[in-house]
Number of protein chains: 2
Amino acid sequence: MKRNSRLSLALHALSHMAYDTGDAQTSADIADHAGTNPVVVRRVLGKLRAAGLLTSERGHSGGWRLARETKHITLADVYAALGERLVASEQPMETDTCAVERALDARVQQIMREIEESLVERLEHTTIADVQGATRQLPSHAH
Amino acid sequence: MKRNSRLSLALHALSHMAYDTGDAQTSADIADHAGTNPVVVRRVLGKLRAAGLLTSERGHSGGWRLARETKHITLADVYAALGERLVASEQPMETDTCAVERALDARVQQIMREIEESLVERLEHTTIADVQGATRQLPSHAH
DNA sequence: TTTATCGTAACAATGTCAGTTACGATATGG
DNA sequence: CCATATCGTAACTGACATTGTTACGATAAA
């Protein structure tokens, strides 16, 4: 994996967990399926848990569970949980430049924020259930 | 500068060049204004030139000029020129996983592509003239 | 008590990117 | 025709982000 892997991994993991809402899914299983490492999974899912999207249980037969139905988890929720900022970024304003420079800087940053907002609005319209969508009626998921 | 600096720098530079459509702007001037380095500017603007958004002239009194009016350059043009892919990314599909995994992978990638497309559509609705917008009627731009 | 699992810290490996230096190519101006 | 200004580009460095990995403690089930 390389870029945007956190978002991608999160979607992967969430969709995966939705298959088996009965059993808790272990980091190791999820990591296997997503082609990565259990620690990486825990790192990413930890953020989703902090945002209330899922829960984890320690100890024997522990693992991860969805905290809500997939249709009530939007990609915007996931995006926010991960703290991603694909477009905008907080850049401290330079104080030693002239007024025109500062105004232009501010304007560019404002535009970037507006685009970020549009992106989030778009993400609100897709849920994990939508992601699962086409793959939902595939046969068994055993390996 | 750190993240998304290419897009940010490009917007900055283009807006800047729009103030003085008479004279060619040198990389050094643009770099000064954007708080970066002439070579970095040339790297970024070189991509915009390759996309036909602006032209450059070598030699004495050379520099950069807009190839079109600012109202006819959209942020989607700039984004495409830079070859940015903020959301989606080409990930080679793993062949050794089971059918469900492959289907889920494909689905996640498809979702990411759709989001990327939404982003580009949004970018099509803003032009460099819009970016300049509020700063346009500010006083002189001399330093 | 043993085992499975998360939580987390620490570190390495990698990759991206801006910054920088250097130098050749090219065009203007005198 | 020469000096100068400018782009074009390669090469390298340093900073930073990210993933992968190992290790180990905490916790809970079997």
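Naming convention: chains lettered A, B, ... in sequence-line order (proteins, then strands); numbering from 1 in each chain.
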Colleague: Need to verify one output field. Residue with the more 5' nearest nucleotide on DNA chain D, Asn37(A) or His60(B)?
Modeller: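 So the residue in question is His60(B).
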
Colleague: Might you point out which heavy atoms bring Trp64(A) and Ser27(A) nearest each other, and give the distance in Å?
Modeller: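 Here Trp64(A) and Ser27(A) meet closest at NE1-OG, 3.1 Å.
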
Colleague: Measure the distance from CG on Leu9(B) to P on dC17(C) and round it to the nearest whole Å.
Modeller: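 Computing the Leu9(B):CG to dC17(C):P distance gives 14 Å.
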
Colleague: How close or far is atom P of dA4(C) from atom CD1 of Ile30(A), stated in whole angstroms?
Modeller: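 In whole Å, dA4(C) P lies 18 Å from Ile30(A) CD1.
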
Colleague: List in chain and number order the residues that pass side chain to side chain contact (heavy atoms under 4.5 Å, CB included) with Arg65(A), two or more places apart in sequence or in another chain; answer none if no residue qualifies.
Modeller: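 With neighbours one apart ignored, the set is Ala24(A), Thr55(A), Glu57(A).
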
Colleague: Where the side chain of Arg42(B) is defined as all heavy atoms beyond and including C-beta, which of dT22(D), dG8(D), dC6(C) is the nearest nucleotide?
Modeller: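 Nearest listed nucleotide: dG8(D).
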
Colleague: Roughly how many Å is it from CG in Asp32(B) to P in dG19(C), rounded to a whole number?
Modeller: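 My rounded result for the distance is 13 Å.
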
Colleague: From CG of Asp23(A) over to C1' of dA29(D), roughly how many Å is that when rounded to an integer?
Modeller: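 Checked: the CG to C1' distance equals 14 Å.
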
Colleague: Which comes earlier along DNA chain D counting from the 5' end, the contact point of Gly59(A) or that of Thr26(B), where each point is its nearest nucleotide?
Modeller: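 This one resolves to Thr26(B).
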
Colleague: Looking at every strand, decide which applies to Gly62(B) at a 4.0 Å heavy-atom threshold: base, sugar-phosphate, or nothing.
Modeller: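 If one applies the 4.0 Å heavy-atom cut-off, Gly62(B) turns out to touch the sugar-phosphate alone, with no base involved.
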
Colleague: For Arg107(A), is there an ion pair with Asp130(B) - N to carboxylate O distance below 4.0 angstrom?
Modeller: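 Result for this pair is no, no salt bridge flagged.
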
Colleague: Closest to the Thr36(A) side chain: dA18(C), dT20(C), dG20(D)?
Modeller: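 When the side chain of Thr36(A) is considered, dG20(D) is the closest of dA18(C), dT20(C), dG20(D).
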
Colleague: Do the side chains of Leu119(A) and Ile115(A) get nearer than 4.5 Å, heavy atoms only?
Modeller: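 In short, these two side chains do not touch, never coming nearer than 4.5 Å.
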
Colleague: Rounded to whole Å, how long is the line connecting atom CH2 of Trp64(B) with atom P of dA27(C)?
Modeller: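 Going from CH2 in Trp64(B) over to P in dA27(C) covers 15 Å.
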
Colleague: Taking atom P of dA17(D) as reference, at what distance in whole Å does atom CZ of Arg85(A) sit?
Modeller: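 It works out to 15 Å between those atoms.
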
Colleague: Of all the nucleotides listed (dC7(D), dT8(C), dA10(D)), which has the minimum atom distance to the side chain of Val39(B)?
Modeller: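 The answer is dA10(D).
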
Colleague: Under a 4.0 Å heavy-atom cut-off, which of residues 45-56 of chain A touch DNA chain C?
Modeller: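 When residues 45-56 of chain A is checked for heavy atoms under 4.0 Å from DNA chain C, the hits, listed by number, are Arg49(A), Ser56(A).
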
Colleague: Quickly work out the Leu86(A) CG to dT16(C) P distance and round it to whole Å.
Modeller: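 Interatomic distance, CG of Leu86(A) to P of dT16(C): 16 Å.
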
Colleague: Which heavy-atom pair separates Val87(B) from Glu116(B) by the least distance, and what is that distance?
Modeller: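 Reported closest heavy-atom pair: N-OE1, 2.9 Å.
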
Colleague: For dC6(C), take OP1 and OP2 only and decide whether either is under 4.0 Å from a side-chain N or O of Ser27(A).
Modeller: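 Indeed, a polar side-chain atom of Ser27(A) lies that close.
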
Colleague: Using a distance-only test with no angle check, is there a side-chain donor-acceptor pair under 3.5 angstrom linking His12(B) and Glu101(A)?
Modeller: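 Short answer, yes.
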
Colleague: Could you state the CZ-C1' distance from Arg58(A) to dA26(D), rounded to the nearest angstrom?
Modeller: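 Whole-Å distance recorded here is 5 Å.
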
Colleague: Going by modelled atom types, is there a donor-acceptor pair between the base of dG7(C) and the side chain of Arg43(A) at under 3.5 Å?
Modeller: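 Answer no: no donor N or O sits under 3.5 Å from an acceptor.
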
Colleague: Please name the pair of heavy atoms, one in Leu82(B) and one in Lys47(B), separated by the smallest distance, quoted to 0.1 Å.
Modeller: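 Minimum heavy-atom separation between Leu82(B) and Lys47(B): O-NZ, 3.9 Å.
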
